[in-house]
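Atoms considered below: every heavy atom in the structure, side chains included; atoms not considered: hydrogens, waters and symmetry mates.
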Amino acid sequence: MMQGDSVAASPATAVAASASAASVHTASAPAASNRPVPLPADSLAADSVKTVAKTYGIILEAPGVPEVKANPEQSYGMSYIFGALAVLFFIIGLRFRNNYKYVTAMLRNMVEVRLRSNAFDETVRETSFLVLLNLLWSCSAGIIVWSILGFTLPSDPGSTMYLSSLSEYPAATIAICMGVGIVYTCIMALAYITVGSVFSDGTHARLWLKGFTAGQGLLGFIYFPLSFLLLFYPQWTEILLWIALGMFLLTKIVFIWKGFRIFFTQISSWVLFLYYLCSLEIVPLILTYLAAWWLCSLL
């Protein structure tokens with residue numbers, strides 16, 4: 001019996017030895033898997049990547065033009081402003097054809113204080129031509145006043161002088177400033193003829209008034225293109241306003257010098273002359289600026 005048991009145990013030992021050898025072979029298999037394994041020819045043909053010839057070049061494209069759309073809230077009514085100025089200038093151009101000699105007379109009226117007979121004084125045609133020139137100046141000066149408001153007023157909404165209507169309603173505020181310019185011209189003409197009649201005779205008062213209307217009429221030829229440039233090129237506002245101010249001061253200096261020569265007859269006239277400068281040349285300009293601001297603030 002002991003011998004049979006030893007004989008029967010030997011097959012089990014052989015099976016265990018073969019199982020341990022298989023486990024050793026299986027454990028060493030991952031180490032062998034790191035080596036490249038050859039693939040079949042069909043597999044290589046299916047997974048191969050096709051090579052495509054690459055081409056190089058430069059493609060030039062024109063830059064896109066930005067499309068600017070007009071804001072109907074801001075542009076509404078501006079055509080009426082441009083149209084009114086164009087029609088007024090066109091009428092003056094038609095009248096200028098037969099009145100070009102009157103421009104020379106206007107230059108003389110700006111500086112001369114000597115009483116003389118003038119063939120153009122009592123002519124209705126030339127008087128209407130002078131009125132049209134002053135109307136052109138008044139409208140152009142109104143646009144300049146509108147630009148001065150936008151340039152000088154603060155941009156802070158919290159400020160008491162802030163005006164949002166200048167950008168929200170440009171056509172309406174320009175029309176208001178043009179109306180203020182017309183009222184300024186009428187009031188100043190009335191003031192000059194009144195003051196001149198009080199401190200002198202009616203003849204010298206009319207001579208003084210001619211200097212005022214002639215100066216503004218000639219200045220209208222300069223203010224008209226300046227006003228259009230201010231509307232079409234707002235980036236030039238500062239330089240254009242300086243030009244307008246310089247021309248206005250030059251015209252005023254010539255007119256004041258003419259008034260000085262008419263009314264300065266004695267030493268005591270200095271006091272009246274200084275009073276005239278403050279009351280008729282400085283205060284009305286300040287009131288015109290404030291009136292334009294107040295009327296525009298009502299919108």
Side-chain angles (χ1 to χ4, degrees), residues 92 99 102-118 120-142 144-145 177-224 244-266 268-292:
I92 292 175
N99 294 278
Y102 187 57
V103 176
T104 305
M106 292 171 63
L107 290 172
R108 289 196 299 266
N109 289 334
M110 285 185 62
V111 296
E112 289 187 357
V113 296
R114 179 173 57 88
L115 297 177
R116 60 183 181 83
S117 59
N118 192 339
F120 298 99
D121 287 348
E122 304 300 330
T123 305
V124 176
R125 177 187 298 178
E126 277 71 25
T127 302
S128 62
F129 178 67
L130 182 61
V131 171
L132 288 174
L133 287 179
N134 278 265
L135 182 60
L136 179 67
W137 180 89
S138 302
C139 295
S140 302
I144 293 176
V145 170
C177 292
M178 291 170 66
V180 170
I182 295 174
V183 173
Y184 167 81
T185 301
C186 296
I187 291 178
M188 293 305 296
L190 181 62
Y192 286 134
I193 193 66
T194 302
V195 173
S197 300
V198 170
F199 292 97
S200 182
D201 55 276
T203 303
H204 286 88
R206 289 192 297 271
L207 186 64
W208 194 32
L209 181 61
K210 281 183 180 181
F212 169 71
T213 55
Q216 288 200 161
L218 294 175
L219 193 59
F221 288 111
I222 300 175
Y223 269 30
F224 177 73
L245 178 62
M247 299 306 300
F248 181 78
L249 290 178
L250 180 61
T251 305
K252 277 297 181 182
I253 289 173
V254 174
F255 174 70
I256 292 172
W257 174 246
K258 179 177 180 177
F260 181 81
R261 294 167 61 192
I262 292 176
F263 300 104
F264 190 84
T265 57
Q266 51 188 353
S268 60
S269 299
W270 275 108
V271 178
L272 297 176
F273 183 73
L274 294 176
Y275 177 76
Y276 147 72
L277 286 179
C278 295
S279 60
L280 289 183
E281 300 299 342
I282 299 176
V283 174
L285 295 177
I286 298 176
L287 294 179
T288 299
Y289 178 87
L290 295 177

In a check of side-chain contact (heavy atoms from CB on, under 4.5 Å) between N134 and each of V131, L136, L130, which one passes?
L130

Give me the atom names and distance for the closest heavy-atom approach of G196 to W208.
N-CZ3, 4.0 Å

On a heavy-atom basis, the closest approach of S279 and P284 is O-CD, 3.3 Å

Side chain of K258, backbone of F212: donor and acceptor closer than 3.5 Å?
no

Spell out, as yes or no, whether a donor-acceptor pair under 3.5 Å connects the side chain of R261 to the backbone of V111.
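It does hold such a pair.
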
Using the test side chain to side chain contact (heavy atoms under 4.5 Å, CB included), find all partners of [X] that sit at least two apart in sequence or belong to another chain.
| X | result |
| --- | --- |
| L287 | V283 |
| I253 | none |
| L135 | L88, C139, I182 |
| V183 | I187 |

Looking at [atom1] of [X] and [atom2] of [Y], how far apart are the two atoms once the value is rounded to the nearest 0.5 Å?
| X | Y | atom1 | atom2 | value |
| --- | --- | --- | --- | --- |
| Y223 | S138 | OH | OG | 11.5 Å |
| W137 | I144 | CH2 | CD1 | 8.5 Å |
| S197 | H204 | OG | NE2 | 12.0 Å |

Of all residues at least two apart in sequence or in a different chain, which pass the ring-ring contact (aromatic ring centres under 6.0 Å, His included) check with Y184?
none

List the steps, then state whether side chain to side chain contact (heavy atoms under 4.5 Å, CB included) holds for F248 with L285.
CA-CA 12 Å; F248 181 78; L285 295 177; 3.9 Å; yes

So do L133 and L218 actually touch side chain to side chain, heavy atoms under 4.5 Å?
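No, every pair of side-chain atoms sits at 4.5 Å or beyond.
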
Specify whether Y102 and F129 have parallel, tilted or perpendicular ring planes, treating 30° as the upper limit for parallel and 60° as the lower limit for perpendicular.
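Perpendicular.
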
Donor-acceptor pairs under 3.5 Å, side chain of residues 188-195 to any protein atom, not counting sequence neighbours: which ones?
residue : atom : partner : partner atom : Å
Y192    : OH   : K252    : NZ           : 3.2
Y192    : OH   : E281    : OE1          : 3.4
Y192    : OH   : E281    : OE2          : 2.5
T194    : OG1  : L190    : O            : 2.7

Which residues pass the side-chain hydrogen bond (donor to acceptor under 3.5 Å, both in side chains) test with T213, sequence neighbours left out?
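side-chain hydrogen bond (donor to acceptor under 3.5 Å, both in side chains) list for T213, sorted by chain: empty.
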
